[in-house]
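Note sheet for the following structure.
What's counted below: heavy atoms across the whole structure, side chains too, no hydrogens, waters or symmetry copies.
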Amino acid sequence: MKIATFNINGIKARLPALLAWLDEAQPDVALLQEIKSVDDAFPRQDFEERGYNVETHGQKSFNGVAILSKLPLEDVTRGLPGDESDEQARWIEATVMGERDAIRICGLYLPNGNPAPGPKYDYKLAWMERLQTRAQQLLEGEMPALMAGDYNIIPQAEDAARPQDWTEDALYRPESRAAFRRILNLGFTEAFRARTQGPEHYSFWDYQAGAWQKNNGIRIDHFLLTPQAADKMVDCKIDAHVRGREKPSDHVPVWIELDI
DNA sequence: ATGACTAGTACGACTAGA
């Protein structure tokens with residue numbers, strides 16, 4: 001089962017590029033972030049024609065997440081538990097029914113948090129506390145499960161081409177990285193780093209100042225796997241070449257292959 | 001050192017992103 005995550009930065013603007021990538025990469029499941037669309041405006045037909053089931057959790061103008069799946073989806077839920085007053089669409093989960101096994105899949109768009117310090121940073125850290133609670137529950141289920149998406153976290157210095165540019169940024173500040181590590185240390189496997197070490201592996205390049213051409217990137221899109229999911233991982237890659245195409249997102253797809 | 005780009009909303013500049 002091939003599962004991908006892709007912050008598309010607007011479904012309306014990204015539809016041709018997204019469809020081209022889906023047709024070539026052929027993921028069984030794609031977790032999308034920043035659809036920037038309400039549910040009713042999401043172009044579900046384009047995906048249904050390709051054999052995907054479509055579940056969205058949209059919002060006007062900002063945020064919004066979705067799951068595309070060629071396999072049946074069950075028990076879809078929307079919104080990260082823990083704060084009924086949170087109206088930002090950043091979390092969706094579903095159970096994907098594989099040939100032999102089922103897996104619980106959570107798609108997330110973690111708050112950016114800038115400027116830090118400030119209320120947006122407080123929201124990011126509070127959101128990560130709620131994420132930790134949900135993460136603990138997934139582990140306690142002792143089933144294959146994963147949480148994937150745009151974490152807006154640069155885990156280590158090697159995950160930025162120019163870490164010195166990020167020291168005061170909400171994506172790299174010590175509190176942000178510590179909150180990410182607390183979740184990892186519950187017992188999750190960060191899929192990409194379980195398979196690939198070293199610098200110059202990025203999932204985001206700013207639109208400005210020729211960041212892509214200079215390979216001035218950061219790695220902020222991640223897969224966190226429960227032990228039962230990590231046991232089944234056979235590959236994890238970043239489709240960086242997509243960033244060089246016409247009208248690209250500023251993020252690129254990251255995907256894993258699981259033997260389930 | 002600074003500024004730079006894109007998307008959405010809505011049609012004129014804003015907010016937001018990272």
Side-chain angles (χ1 to χ4, degrees), chain A residues 5-21 31-43 56-66 86-91 107-125 127-128 131 148-177 179-180 192 200-222 238 240 242-254:
Chain A
T5 177
F6 191 2
N7 179 325
I8 56 173
N9 188 17
I11 185 59
K12 192 174 168 188
R14 209 65 57 223
L15 190 59
L18 174 59
L19 293 175
W21 170 75
L31 305 171
L32 306 180
Q33 300 90 43
E34 282 205 271
I35 65 173
K36 296 187 176 180
S37 160
V38 294
D39 295 332
D40 286 346
F42 193 84
T56 60
H57 180 36
Q59 175 183 343
K60 185 179 167 70
S61 305
F62 304 114
N63 309 317
V65 289
D86 185 359
E87 294 183 349
Q88 299 191 30
R90 297 179 174 276
W91 181 269
L108 67 98
Y109 176 44
L110 204 148
N112 172 305
N114 282 303
K120 291 190 175 182
Y121 194 52
D122 295 340
Y123 174 66
K124 176 177 194 149
L125 296 178
W127 202 95
M128 293 186 80
L131 176 60
D150 177 0
Y151 277 76
N152 270 318
I153 294 284
I154 302 167
Q156 305 277 3
E158 66 183 0
D159 297 311
R162 297 176 52 85
Q164 66 274 22
D165 289 356
W166 296 93
T167 53
E168 300 303 315
D169 196 282
L171 280 64
Y172 191 62
R173 284 173 65 100
E175 304 92 328
S176 306
R177 297 162 60 201
F180 183 73
F192 186 78
E200 296 182 22
H201 299 285
Y202 310 126
S203 65
F204 170 92
W205 294 260
D206 201 287
Y207 287 122
Q208 302 184 63
W212 166 248
Q213 289 75 11
K214 297 174 188 166
N215 198 24
N216 179 14
I218 51 178
R219 193 176 68 88
I220 58 175
D221 299 270
H222 310 301
I238 301 175
V242 172
R243 185 64 178 79
R245 294 185 173 171
E246 283 293 301
K247 223 169 147 52
S249 173
D250 40 9
H251 295 250
V252 296
V254 182

Which residues satisfy the salt bridge (Lys or Arg N to Asp or Glu O under 4.0 Å) test with D150(A), sequence neighbours excluded? none
Considering every strand and a 4.0 Å limit on heavy-atom distances, what is the contact class for N112(A): base, sugar-phosphate, or nothing? base
Residues forming a salt bridge (Lys or Arg N to Asp or Glu O under 4.0 Å) with R173(A), sequence neighbours excluded: E168(A), E175(A)
With heavy atoms under 4.0 Å as the rule, sort D250(A) into base, sugar-phosphate or nothing. nothing
Can you sort out the partners of D206(A) under salt bridge (Lys or Arg N to Asp or Glu O under 4.0 Å), two or more places apart, ordered by chain and number? none
Euclidean distance for C1', dA7(B) against dC11(B) (whole angstrom): 15 Å
Quote, to the nearest angstrom, the P distance that separates dA10(B) from dC14(B). 16 Å
Can you spot which of N112(A), L171(A), I153(A), V254(A) makes a side-chain contact (heavy atoms from CB on, under 4.5 Å) with I220(A)? L171(A)
Salt bridge (Lys or Arg N to Asp or Glu O under 4.0 Å) filter on R90(A), not counting sequence neighbours, yields none
If you walk 5' to 3' along DNA chain B, what is the first nucleotide with an atom under 4.0 Å of a heavy atom in chain A, and what is the last? dA4(B) to dA18(B)
Touch check for N216(A), heavy atoms < 4.0 angstrom, all strands: base, sugar-phosphate only, or nothing? nothing
Mind checking the C1' distance from dT9(B) to dA4(B)? Whole angstroms is fine. 23 Å
Need one value for K124(A): base, sugar-phosphate or nothing, where a base atom within 4.0 Å counts as base even if backbone is also close, heavy atoms only. nothing
First of I11(A) and N7(A) reached from the 5' end of DNA chain B, by closest nucleotide: I11(A)
Within residues 202-214 of chain A, find the residues that approach DNA chain B with a heavy atom at under 4.0 Å, and present them sorted by residue number. F204(A), D206(A), Y207(A), Q208(A), A209(A)
On a whole-Å scale, what distance lies between the P atoms belonging to dA13(B) and dA18(B)? 26 Å
Start at the 5' end of DNA chain B and walk down; is the nucleotide closest to G10(A) or to Q88(A) reached first? G10(A)
Output all residues satisfying side-chain hydrogen bond (donor to acceptor under 3.5 Å, both in side chains) with D122(A), sequence neighbours left out; order by chain, then residue number. none
What pairs with R177(A) under side-chain hydrogen bond (donor to acceptor under 3.5 Å, both in side chains), at least two apart in sequence or on another chain? none
Base, sugar-phosphate, or nothing: which does Y151(A) touch, judged by heavy atoms less than 4.0 Å apart? nothing
Say you pick atom P in dT6(B) and the same atom in dT2(B); how far apart are they, in whole Å? 23 Å
Once side chain to side chain contact (heavy atoms under 4.5 Å, CB included) is applied, do any residues pair with W212(A), and if so which ones, sequence neighbours excluded? W205(A), R243(A)
Answer yes or no: is there a donor N or O on one side and an acceptor on the other, between the side chain of D250(A) and the main chain of Y207(A), under 3.5 Å? no
